[in-house]
Every structure is written in structure tokens, then in C-alpha cells.
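The chains referred to below are lettered A, B, ... by the order of the sequence lines, with proteins before strands, and numbering in each begins at 1. Source: prediction; values computed, not measured.
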Amino acid sequence: MGFINSAKCSNEDLYVIQKFIRVVQKTNNMDNASRFCHSPTVPALLSTVGSGVMTTSTTSIEQADCIFVAGPNLQETYPIIARRVIRAKRKGARVIVVDPRRTVTVKSLADSYLQIYPATDNALINGMMRIIIDEGLEDKEFIEKRTKGLDELKDYLMTLDLNEIERITNIPLNVIKEAAITYATAKNACILYNSGIAQHGAGIENIKALADLALLTGNYGRPGAGVNPLRGHANGEGFGDMGPLPVFYPGFQSVNEETAKRFEEIWGVKDLPSQPGMTYMDMVEKCKVLYIVGANPMLAAPDTNRVRKALEEKDLLVVQDIFMTETAEMANIVLPAATFMEKDGTITGVDRRVQRINKAIQPPGDAKPDWVIFCELARIMGYEEKFSFDSPVQIFEEIRKCVPQYRGITYKRLKSPSGIQWPCPTEDHPGTEVMFVENFPTPDGLGQFQIAEYKPPLELPDDTYPYIFTNGRVVFHFHTGTMTRRTKRLNNELTHGFAEISREDARELAIEDGDQVLLKSRRGEIKTIARVTHDIRKGLIFMPWHFSECAPNVLTGPTAGPPSKMPEFKFCAVSIEKV
Amino acid sequence: MKDNLYLSWSSDDKIREMGESGGAVTALLKFALEMKLVDAVLAVKKRNGNRYDGVLSLITDPDEVVESAGSLHFAPVNVAKEIHKYLDGAKNLKIAVTCKPCDCRAIIELAKRGQINMANVILIGLNCTGTVLPVVAEKMIKDEYHVNPEDVVGEDLDNGKLIITLADGTRKEKNLEELEEKGYGRRENCRRCVFNIPRMADLACGKWGTKGKKATFIEICSQRGSELIEKAIETGALIVETPDEEAIEEREEKDRQAVELAQTWEQRDFDELRRLPYMDRLKYWLRYFNRCIKCFGCRDVCPICYCKDCYLEPERGFVQGGQTPPHMMFPLVRLAHVADSCVNCGQCEDACPMEIPLTRLYHMLNTELSSIFGYVPGMDVSEYPPLTTVTDEELHIEEVNVFRKN
């Protein structure tokens, strides 16, 4: 039996869901859709700085004097964070953008643009670190006081050939050098990253490298500095805190005997599961019974044809969602859920900011908030006592008991729209804007340098599939389009997908803008419309992943091993031809 | 003209106490509701007692009116838009509305277009020399005044200073120009605004000319305003006295000073642009518009924009859908449609997530059109926008031919 949930749910929903799965089903077989987004972030940042959260707050990005945008197309995917960057720039900040595509973010925000060859990010960062050490620009005081392990990393970096890095990344060495020096000489340098860095086979290495870069230059513990993972969902941080994951109980307490015992006491139950559970794709493929809340694997998971087959073969597929998604259409039972406007609760934003969501209208028909559905299930299955919640505020009070970072937060304190950033240990604590000010939450309080060796991507282009395929988002749509393709104002802007192809490639293949094209990979094929542009590098093809009729995930497939098990969404091999 | 000017205050002790300057406005609103002269009152309340969270509230219970007492300078609400959008343009609802001069003007513009039923609306205009965005205000009070924003119980703009009053009665002041040089202070459009006394409303209320007395200076600007005041005086809800020459002069002088300051800002913001040749002006604005992500925020909040089938939407076929940034037709067509009627309320600039200084463009163009046509938007419901009343003959006048090289 497997459960998949998503960060579309509120904190209260997810807390009740994980409690149900552990108390009633007695299993840790649950995973969150963020497996496909930040599963490398947690192990990578845990091993370097002890915690995988956004270190600064979104407001203090304005205080950075150098912003290193490692991949995210901020202007289309995080306009409000792009706004912070605009304000920082007004004060003189320099913005470095790394992206294989010349996006609107590059055009309007970048002072320096590194058009990187896809999937070579950690090579670039290693190169930058080597340059920083060669130039003597590392923050010796910070390294001395607050880190360990630099010697080993230095040994590794000294073996690198910078000309080789120039070749691999396809960025001229003088440009890499300039970026490295700008970053290292800044007072507060801020790294922003998201899927472009994480959704790779080498996702963990990429993020380790970023953390190393920040540790090397002392860019931790101050507003406007740090390594900052952005999120894909409104409750992208909160879901993690609530623990609907195979390896964590609420509050990032690892699944083991000790934690299970602790929760048995808090919840007043027995026999809580103490073994780590299965991850997303494993459950999709192996579990006979699958219960999905707010996730759409038919569009969001890699290798769609395989996913379809797996879902078709389930003994029981239950989907709980707000609309009839492509996945819901395959379910035996569909449970209609309420949207964020139709329930009260809290969500925790990207910078650990707990905020209220306020009910504005009644849910339509039989739709109910996710937590209500699970409480009713629990009641039917005889666990009424442990799931007797009448309102979200009661659930939140229980969350405060289990998650130490939330202990000082109450609904009353959350009346202010700016919310409270955790950790917030007591009710008179104002919340924490910046993390790691004094020390890191590692066993010895020090940041640990990790060696992040460059590894090529999981599937390389070859003669049959000579082009690199990547995918991402556009401003008008959100994820699998469940909501935005049903919203006239947004959908009318962009009703169908497209494949971005460079002018040179288009010329060679006799493809013109607007032509129908066929893309094929080892796993499947899709048809779409070509968009010929100067703004993408030769050899690379980009598609937005919002459109089910030309879903990029029909083509994607290879997945990294544990601990991240992250599919390499951002790189696989395809062929393209005019139809 | 002296018999249309009054110094006034509430006869009710509690309201006089809670009010900013004697509670006259609050008393009038309460009176209007009690006498069923209106069905409801629109006024700004502090949500959860937070003066940085002012919300426009529809009040039907006379006893609730006192909760909106006191001026809030950190609440730039979009009154005209809310009446049009959420109260069906007051078609079937009699309301009394407190508003800033820009709100009054926007309401009058919407009334010209048949979108707000002026017969059902009593405009209680409030003197205004500018509002401050709540987030800016909080930061400014923390960083510049070194005060916990929650301790502020009042704020005022006077004599070139921004003065805050704390719970214990102490007052702290800072030079407004210095604050605004640093990026704090009033919204950009407010700084340039010369409309401080809302004479286009039914009543214009403020504290200039009160010589420090706890009273409100009311100027009656219309028949409807006159009737309301007369009734309020008759029933004893409002106590009045005639202002002396000194008071009247003080009021005029304050207005002159505020207009002068606004004109300085206007020169500062616009002269640079006015000096640029046309192609450079276009380049200047395209640099900003290249940041546009087509969120439609500007259009959604603009009180003048009310078309159900907007020219800018992709289905109309004029601005191609799905492009970021959108083609320059997107901002420029909206400009062409609205420029003659822009009241410089600043809501568009507040809404823009990419911090495009929209009011600089719209307001500037409006001032140029104003002087060409001798037309000021938002003053008189019977004065129609020049671009809707231009005649065929006028279109053929040589000097109007924009394609002629200068």
C-alpha cells in the first residue's frame, strides 16, 4: 500500500495525512511530489550545513550585493522574488545568471550571463571555487572558525584542469573567472536555485558544490547571503516540516525506533512504523494499492508510458484532488477535495514563513478539505479518538507539540500577513529571519566541505537521439496545468505547448517556426509545434511541461539512485523531425 | 462665499475623542445612517486594530461607524474600483463614501461613463497630501524613527515633516524630503499631486485652517453636501462655528505650500523625460516594459479600466498571447485608452510586481493632454473626456497633425 501526497495541501492536511498513514495503516510508505523537485536538496544540504532550508528570507534578498541565479527563470517562475532582485539591482547589486536558455530573466536581470552546457553545473562551481582559491579570495576567517574539511576539497580542486572545465561547460574561462571574482568579493552574495540544479542525476553533487561555494566565501549567516532553494509549491517548505515522507516524521525527525517511540507517546498509540518506507516511483511501480492526494504522476512523473501501465494494473487506485486530472481519470475512486480558498489552515512559504490561508467561499458539492476526508476515513476505520479534530486550529495546536520549530507559533500570532518564520521556539520569540547565524545544525556545529565530483548526465545524446531535451515552465501556466488550463484568462494566453529549437538546428533540419514536429526518445514520442529562436543553444530542445497532449515526461526517464532517486527531468536524449 | 465654510466637531464626546480632528466626518457618517439618508457607509477601518492594514469597509450599523474614526495615512485604498466592482456601481445602493481627492476624481470619471450612479453617492472628500504604502511605512518607522511600528497610534504630514505619535503621547518627526530621498515617504504619484482639497466632492473636510483646535474645516461644495450639513446641524449631531479670516487664510496658505511642493516633484520626475527626444523616450519606457510579465495587474486595478472585453486580451487578436514580455502594444494601447482620464491615483504602480513606474508615464502624458485640451479629469460629471468629444473638423486642423515633424 502506498500514499503519494503533495505540497498543494496545507500544513494541517499533511499532518493529518501522515498521522493517518502511520497510526491507521502502520506504514511509512508515503512520499511527496517534491521527490521530483528537491529530493537532492535534503541529503546535499544536510551533509554540508545540516539543514535543507532557505537560509535567508525573501525580503533580505534585497540586501545582497551579488545574486547568483543558478538556473531559475525568476521572472516567469518567481516574479515576486524577481522583484527582490530588481530592488537589489537598484542598490547596485550584480546579478549573475546561469541558464542554457536566454530567458526573459537573463534579458532583463542579468549583468553577467553564463550560457552553460546542460548538466555541467557542478563542474562550473568547482571551477569557480578553484579560481577563488587561486586568487586567494576565500574567507579564511570564516573557514577557520566555522568549517572543516577544506583541505580535502582543496586537494580535489587542485586536480582540476580549468581548460577542461571551460570545454565541458562551454563557458569561456574569462567569463567563469569574472563570475567567481564578483561572487567572492561581494559583501553578501546570495545563491538562488531550484529545478535546474536539482532535477539531475548529479543533483546532489550540484547542490553540495553550491553549499561549498558559499562556505568557501563565508556567505552564510547574514541577511541576503546563503544558499537558497526555492520551491515549486506554495506549501513547499511546510510539507517537509509536516513529515509526510518515507524517512521523516514531523519536524525532520528521522524514521527509526527512537522517533517512533517518541511519537507513540505524543499521539498515545502503539506500534508506530520505525522502518523507512518506499519512495514515489517505487510506490507507483510496485504498490498494488495506491492513494494519491493532489499529485498528477501521469504528467509529472518521468516515462509516462511506463507510469500509465503501472497505474492501469493497480488493484485499487484512489485519487483525491480538486479537479479531474489525467491521473484521476484512471482512478477507481475519486474523492473531491476543497481548494485553498475553501478552507482555513496554514502554509509555510519558501523562506520558512508560516502564513494563514483564510476560507473565502464554501467548497462546491461534496468537496471537502483534505484533512476532513482523512479524519472521516479514520473514523470509519475505528480511530475516531485520535482524529477527532473539528477545526484546523486544533490540528495546528497538535503540530506545535510535535514540531519544535513551530512551538511558538499560534493562529493568533499569525493574524499579521507577514506570518512568522520558523524556528520560533516560544510564543514571544519573533521568528528567525536568517539561519545559521552562530553555527550550523551539524553534530559539531561546523559546516562540512564536501567533494562534488563532476559526473556526466544519466543519458547522453548519441547518433539515434542526437539532441538534448530539457523542460521547464512559462509564466502563464502552473505545473501540469490542472488549474491554469481551466482558467480562461491564463489559458487563452497559451493554449498549447511548443518545442523551442535553435535557429541553427532548425535550418539544418528544415524546420520553420510553427511547423509540426515529432520528438522521440527511447521511451516514447510526442508531437508539438516548433518555436524557432535565437535564445536557446544549439543542440538543446526545450518544452514547457504544462500540456498533457504533448507531455515532456513521455520522453524523460533515467533516474538517480538513492538517496535522492531524482529523475533527470532536465536532461535526456531525443531526436526531432518535421512532421 | 463664507457661508459654505464651517469649523465643526461632533456633539458626541466619544466620537470627538476618537476622531482625528473632532470627529466631524464620523459624526456625519453616523448621522446619515441613523437618518436613513443612505443605506450604507464606505469608510476605512483598521483590520484587527492594525493601522498598517487599512481596509475599505461597508458599514450598515450606525454604531460601527466609530470604528473608522481617525485618519490613516498608510492605507491607499482603491475606493472607486471597489464601488464599481463590488457594489455594482451603487446602482441600487445609497452610500456615503469617505475618499481622497484621487478617489473622488476616479468616481466622477466612472460616473461620466455610466459606471457609477452619482445620484446614489454622497462624496465626503478628505484633504490629502499623500499616502504611504503600509510596508514602506513599517520599514521606515523601524529603520528611521527607531520605533516599534506597533507603538504608533497616529501619523501626520505637516510643514514638510512626517510626524508620528506614540501610545504614550510622545511625538517624533523627520524631514519628509530627506525620507523621500532615501526611498521612504509617500508614494511617487502622491508627491506630484496638486489636488489636496477635494472640492470636486460634495464636502471637502480637513484640518487645515483649524489653528490647532480639535475641529474639522468643512467646505460645502454642492447642494447635496449643503443639505447633509444643514440636517446634521439641525438635529444637533454636528456643532459648527464660522471660521475667521485668519483660519481661511491659513488653509489657503497650507494648500499653496503643498501645491508648490508637488510642483517641485513634478518637475523633478518629468523634466528629464520632457527633455528627451521622442525615440529616446520610447527607449526609456521599453527598458521598463521589457520587465512586464503580463499579469494584468495595472489594468485590473485601474479605476478607469472597466471594459468587459478588453482590447489587451489575446482573444481580441491585437496583442499576441503567451509572450513575455508582451509586445509593446500591451502597455502603449492601455496608455492610449486611459491617458486623457488618468487621475494619478497610483494604484497601477502599487500593483505592478516588476516595479515599473507606471504613474510617471500616465500622469505625465495626462498633464500634457490636459494643457492641450484645457481639460482636467475627475472634476465635473458633465465634462466629457476630450478624446470622446473630438470633432471631425478638429481632427483636420494642421497643428493637431501628430505626424508633422516639429
Sort A:R84 into side chain, backbone, both or neither according to what part of it lies under 4.5 angstrom from a heavy atom of chain B. neither
Beyond-backbone contact of B:R291 with A:I86, side-chain heavy atoms, under 4.5 angstrom: yes
Carboxylate-amine/guanidinium proximity below 4.0 Å for B:D300 and A:R489: yes
Need one label for B:P325: side chain, backbone, both or neither, based on atoms under 4.5 Å from any heavy atom in chain A. both
Considering only heavy atoms from C-beta outward, does the side chain of B:P353 approach that of A:I80 to under 4.5 Å? yes
Counting only non-hydrogen atoms closer than 4.5 Å, does B:N48 touch chain A with its backbone (N, CA, C, O), its side chain (CB onward), both, or neither? side chain
Working to the nearest 0.5 Å, report the span between CD of B:E138 and OG of A:S418. 6.5 Å
Would you say CD of B:E150 has more than 12 non-hydrogen atoms from neighbouring residues, nucleotides or ligands within 6.0 angstrom? no
Of the listed residues (A:E76, A:K107, A:R87), which shares the most heavy-atom pairs with chain B below a 4.5 Å separation? A:R87
Tell me the closest heavy-atom pair linking A:A82 and B:M354, and the distance in Å. CB-CE, 4.1 Å
Contact check, side chains of A:Q75 and B:T324, non-hydrogen atoms, under 4.5 Å: no
May I ask you to check whether over 12 heavy atoms, not counting those of B:F330, lie within 6.0 Å of atom CZ? yes
Find the distance between CG (A:L109) and CG (B:N290) and round it off to the nearest 0.5 Å. 11.5 Å
Quick one: which of B:Q320, B:R47, B:R299 has the most heavy-atom pairs under 4.5 Å with chain A, could you say? B:R299
Could you walk me through whether A:E493 and B:F296 pass the side-chain contact (heavy atoms from CB on, under 4.5 Å) test, one step at a time? CA-CA 12 Å; A:E493 291 287 338; B:F296 281 94; 3.5 Å; yes
Are there over 12 heavy-atom neighbours, none belonging to A:K91, within less than 6.0 Å of that residue's NZ? yes
So for atom CD, which belongs to A:Q516, do other residues, nucleotides or ligands contribute more than 12 heavy atoms lying within a distance under 6.0 Å? yes
Within a strict 4.5 Å, meaning less than it, do heavy atoms of the A:V475 and B:K294 side chains meet? no
Are more than 12 heavy atoms, taken from residues, nucleotides or ligands other than A:K89, located less than 6.0 Å from that residue's NZ atom? yes
B:E177 atom CD, neighbour heavy-atom count above 12 within 6.0 Å: no
Just wondering, more than 12 heavy atoms not from A:N358 lying within 6.0 Å of its CG? yes
Determine the option with the most heavy-atom pairs under 4.5 angstrom with chain B, choosing from A:T495, A:N492, A:L494. A:N492
